[in-house]
A.B. asks: 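Take a look at the following structure, please.
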Amino acid sequence: MDHKSSNIFKNKNRPYVSSQEGADKIKTTKKVVFILLENFSMMAFTGAVDALVTTNLMKTATIYEITVVGGNAGSTVSDLGIEIANDFSLQSFKSIDFQVDVLIVCGGLRVKTQASLLLRSILRRADAQGAALGGLWNGAYFLAEAGLLSGYQCAYHPDGRAMMAEQYWNVSVTSRSFIVDRSRLSCAGASSSLSMMLEVVRLDCGNEVVGAVEEMLSCDKGIDLPDVSTLRIDQNHTLPEKLKISLQLMKNNIEEPLSIPEIANWVNISRRQLERMFCNYVSASPSRYYIELRLTRARQLLQQTNKSVTEVAVATGFSSFSHFRSCFYRHFNITPGQFRKSCQRGEYFL
């Protein structure tokens with residue numbers, strides 16, 4: 001059996017286990033400031049923040065530090081009537097020396113597009129510092145009003161595109177749901193803020209990290225998806241039927257694993273044909289995918305149940321504890337016992 005890690009389940013397991021990836025890199029902290037305007041879109045705000053907070057769980061070399069600024073001290077009321085606590089008021093934020101990497105103005109359906117000298121001053125200062133500037137929903141209006149969108153493309157809510165095009169002719173208002181144009185980022189509404197911010201994460205951290213974040217945040221998009229598989233494979237409707245059956249056989253036979261020849265026989269193809277299909281569509285051999293599937297289930301059982309380590313080994317089809325321990329350590333760089341103790345201490349994100 002091929003035990004070498006193929007990283008097929010890397011995104012699914014990444015938040016829960018220790019990793020040496022990037023361990024030798026210097027950690028970079030990016031300071032992201034959200035300016036909440038009265039009646040801002042809560043959904044747009046939380047979508048953008050969720051992308052950053054979840055990325056922080058992935059143990060990347062880039063860590064996002066989030067600061068919330070509102071019109072007044074205390075809190076800002078969202079479009080849902082829910083108040084979000086502010087770290088600073090606009091006035092106090094303007095008066096302190098605060099280095100910003102990304103500054104995003106959070107608009108919304110009921111946010112009035114009215115010029116603000118104070119907000120304009122803060123935006124221009126952030127731009128002078130070299131910060132990336134963004135707007136959620138109609139938040140990009142305030143960037144344009146400050147003269148900071150000239151020559152850039154901009155995503156904007158459909159109800160305000162005509163106004164933006166008429167009032168700011170030097171801004172390219174697009175029909176896209178979100179856009180990242182160099183140091184300017186914008187989204188047209190509540191649902192696209194997550195995608196916009198994930199594009200920022202992609203530029204900072206790469207495709208693999210974004211894939212891990214997407215899998216973490218999209219776990220409830222499918223209907224009755226097996227909880228131990230990989231979403232990208234489950235949602236791929238182009239897979240050959242025989243490969244789909246083979247994957248399902250593996251998912252259904254974790255405690256008592258089938259042999260690869262048995263799986264090939266079930267779907268009425270040769271072992272060589274099965275291996276070729278896995279190589280072409282899954283980028284791993286059948287045995288490699290199967291072992292990582294079982295180890296991922298083992299990780300879940302160690303984290304989510306009170307089963308002993310030995311019981312987990314049996315439940316995931318390992319004939320001996322030593323074999324289970326060896327495979328688990330090779331894949332996760334931590335022993336099953338050590339991982340269980342870290343879970344008991346609440347240290348899921350090592």
Side-chain angles (χ1 to χ4, degrees), residues 1-14 16-17 19 21 208 211-212 215 219 222-305 307-337 339-340:
M1 183 178 288
D2 182 359
H3 296 306
K4 184 179 178 182
S5 173
S6 67
N7 292 326
I8 293 299
F9 289 87
K10 180 177 180 179
N11 289 348
K12 193 171 188 68
N13 293 313
R14 183 168 190 155
Y16 304 102
V17 296
S19 171
E21 181 181 340
E208 285 191 350
E215 180 154 322
C219 62
I223 300 176
D224 297 330
L225 291 177
D227 66 353
V228 73
S229 57
T230 58
L231 293 178
R232 294 185 183 279
I233 292 177
D234 282 317
Q235 296 174 344
N236 185 349
H237 301 296
T238 67
L239 296 181
E241 190 63 28
K242 290 182 183 295
L243 179 56
K244 291 180 183 178
I245 296 173
S246 299
L247 292 170
Q248 193 63 50
L249 284 169
M250 291 180 177
K251 294 170 192 174
N252 294 343
N253 293 274
I254 289 179
E255 185 170 355
E256 297 182 7
L258 302 171
S259 69
I260 301 306
E262 284 177 319
I263 294 173
N265 186 58
W266 266 100
V267 296
N268 197 30
I269 59 175
S270 69
R271 175 171 182 165
R272 194 180 199 90
Q273 289 174 306
L274 181 67
E275 290 175 342
R276 190 178 298 118
M277 277 198 304
F278 266 80
C279 180
N280 290 338
Y281 292 95
V282 186
S283 300
S285 67
S287 58
R288 184 175 297 180
Y289 178 89
Y290 207 176
I291 192 70
E292 292 192 27
L293 180 79
R294 292 160 54 203
L295 288 170
T296 297
R297 171 60 63 80
R299 189 269 298 165
Q300 292 174 332
L301 292 175
L302 288 169
Q303 181 184 339
Q304 301 169 10
T305 74
K307 288 181 179 290
S308 69
V309 175
T310 301
E311 288 174 326
V312 170
V314 172
T316 50
F318 290 90
S319 56
S320 72
F321 175 77
S322 60
H323 184 215
F324 171 58
R325 187 181 188 278
S326 174
C327 290
F328 194 93
Y329 182 82
R330 186 177 296 114
H331 188 64
F332 294 122
N333 200 36
I334 189 173
T335 67
F339 181 71
R340 165 55 62 77

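Along the sequence shown, residues are numbered consecutively beginning with 1.
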A.B. asks: Show the nearest heavy-atom pair for residues K244 and L239, with the distance to one decimal.
C.D. replies: CE-O, 3.3 Å

A.B. asks: Nearest 0.5 Å please: distance from the CZ atom of R288 over to the NE2 atom of H331.
C.D. replies: 11.0 Å

A.B. asks: Quick one: which of Y329, F332, F318 gives a ring-ring contact (aromatic ring centres under 6.0 Å, His included) with F324?
C.D. replies: F318

A.B. asks: Mind checking what makes side chain to side chain contact (heavy atoms under 4.5 Å, CB included) contact with T310, not counting sequence neighbours?
C.D. replies: S308, F321

A.B. asks: Are R271 and P286 close enough that some pair of their side-chain heavy atoms sits under 4.5 Å apart?
C.D. replies: no

A.B. asks: Is I291 close to R294 at the side-chain level, that is, under 4.5 Å between some pair of heavy atoms?
C.D. replies: yes

A.B. asks: Within the 4.5 Å heavy-atom criterion, are F339 and Q303 side-chain neighbours or not?
C.D. replies: yes

A.B. asks: What's the shortest heavy-atom distance between L243 and Y281, and which atoms?
C.D. replies: CD2-CB, 3.5 Å

A.B. asks: Rounded to the nearest 0.5 Å, what separation is found between the CE atom of M250 and the CD1 atom of I263?
C.D. replies: 4.0 Å

A.B. asks: Taking only residues two or more places apart in sequence or in another chain, which ones pass side chain to side chain contact (heavy atoms under 4.5 Å, CB included) with Q273?
C.D. replies: I269, S270, R276

A.B. asks: Decide yes or no on side chain to side chain contact (heavy atoms under 4.5 Å, CB included) for Y290 and N253, but give the supporting numbers first.
C.D. replies: CA-CA 10 Å; Y290 207 176; N253 293 274; 3.6 Å; yes

A.B. asks: Show the numbers, then the answer: is there a side chain to side chain contact (heavy atoms under 4.5 Å, CB included) between L295 and T316?
C.D. replies: CA-CA 7 Å; L295 288 170; T316 50; over 6 Å; no

A.B. asks: Closest approach of A315 and L301, non-hydrogen atoms and distance?
C.D. replies: CB-CD1, 4.0 Å

A.B. asks: If you round to the nearest 0.5 Å, how far is CE of M277 from NZ of K242?
C.D. replies: 7.5 Å

A.B. asks: Which atoms form the tightest heavy-atom contact between S246 and L274, and what is the distance?
C.D. replies: OG-CD1, 3.4 Å

A.B. asks: On a heavy-atom basis, which atom in V314 and which in E255 lie closest, and how many Å separate them?
C.D. replies: O-CG, 3.6 Å

A.B. asks: To check you understand the geometry: which heavy-atom pair defines the closest contact between T335 and R325, and what is its length?
C.D. replies: CG2-NH2, 3.2 Å

A.B. asks: Got a second to check how far L249's CG is from N252's CG, nearest 0.5 Å?
C.D. replies: 7.0 Å

